[in-house]
Amino acid sequence: MSLDVPADLLARAEAGPVDDADFVAVVRDSLPYAWEVISSVATSVDSSGFADNEVPPPSEAERGQLLRALASDSIRGGLERHFGVKLAFQNCHRVAAFTPAAVDSDRYRAFISPRGQLLNQSPELRDC
């Protein structure tokens, strides 16, 4: 799944750095399902500094968008900077957002741990 980069932005990127706002706009427009899920969790962070999404994508196309967004260091980093959160990811669809202050929390460490990954498995998720 590729990003739909406007020709003028591609020309600017060929000439030098581009700003996060332009990059994030391309991500938003190219990966609308991923944008919806990530923006929802990022704007729903509770007082403990955490929010997550556990709803599976409606199709493989949407799952692909989410994987594309979170598997790319540049996309993930751009989204984290844009929303001011740290994103964490499990099982092809479980996205969590943590405030910077919560990144050293027990909840964050539990979420990203091998144990957390194993405990979040189910037969219906094994094909993702």
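- Applying the side chain to side chain donor-acceptor pair (under 3.5 Å) test to Asp19 and every residue at least two apart in sequence or in another chain returns nothing.
- For the atom pair CZ of Arg63 and NE2 of His93, the computed distance is 7.0 Å after rounding to the nearest 0.5 Å.
- For the ring pair (Phe, Tyr, Trp, His ring centres under 6.0 Å) condition, no pair includes a residue of residues 11-31, sequence neighbours left out.
- Among all heavy-atom pairs drawn from Leu87 and Ala97, the shortest one is CD2-CB, 4.2 Å.
- The minimum heavy-atom distance between Val45 and Gly49, with the atom names listed, is CG1-C, 3.2 Å.
- With sequence neighbours left out, the side chain to side chain donor-acceptor pair (under 3.5 Å) criterion links Ser47 to no other residue.
- Sorted by first then second residue, the salt bridge (Lys or Arg N to Asp or Glu O under 4.0 Å) pairs that include residues 37-47, not counting sequence neighbours, number zero.
- Residue pairs that meet the side-chain hydrogen bond (donor to acceptor under 3.5 Å, both in side chains) test with at least one member in residues 7-17, sequence neighbours left out, are Arg12-Asp22.
- With sequence neighbours excluded, the residues that form a salt bridge (Lys or Arg N to Asp or Glu O under 4.0 Å) with Asp106 are Arg109.
- A donor-acceptor pair under 3.5 Å is formed between the side chain of Arg76 and the backbone N or O of Leu70.
- The two residues Ser105 and Ala102 make their nearest non-hydrogen contact at OG-O, 2.6 Å.
- Under a hydrophobic-cluster definition in which Ile, Leu, Val, Met, Phe, Trp and Tyr are linked whenever side-chain heavy atoms come within less than 4.5 Å, directly or via other members, Val85 and Phe89 are assigned to the same cluster.
- Linking Ile, Leu, Val, Met, Phe, Trp and Tyr residues whenever their side-chain heavy atoms come within less than 4.5 Å places Leu67 and Leu3 in a single cluster.
- Note on residues 31-44: no pairs pass side-chain hydrogen bond (donor to acceptor under 3.5 Å, both in side chains), not counting sequence neighbours.
- Taking the salt bridge (Lys or Arg N to Asp or Glu O under 4.0 Å) definition, one finds that Asp4 meets it with nothing, sequence neighbours left out.
- Hydrophobic clustering of Ile, Leu, Val, Met, Phe, Trp and Tyr side chains at less than 4.5 Å, counting indirect connections, keeps Val103 apart from Val95.
- Pairs of residues two or more places apart, or lying in two chains, that qualify as salt bridge (Lys or Arg N to Asp or Glu O under 4.0 Å) and include a residue from residues 90-99 are Asp52-Arg94, Glu54-Arg94.
- We find the CD-OG distance between Gln65 and Ser30 to be 9.0 Å, quoted to the nearest 0.5 Å.
- Separating the CG atom in Leu79 from the NZ atom in Lys86 is a distance of 12.0 Å, to the nearest 0.5 Å.
- Under the side chain to side chain donor-acceptor pair (under 3.5 Å) criterion, Asp20 pairs with Arg81, sequence neighbours left out.
- Using the six-membered ring where Trp is involved, Phe111 and Phe98 have ring planes that are perpendicular, over 60° apart on the 30 and 60° scheme.
- Here Ile112 pairs with Ala88, Tyr108 under the side chain to side chain contact (heavy atoms under 4.5 Å, CB included) rule; sequence neighbours left out.
- Under the rule for a side chain to side chain contact (heavy atoms under 4.5 Å, CB included), the partners of Asn53 that lie at least two apart in sequence or sit in another chain are Val37, Val41, Val55.
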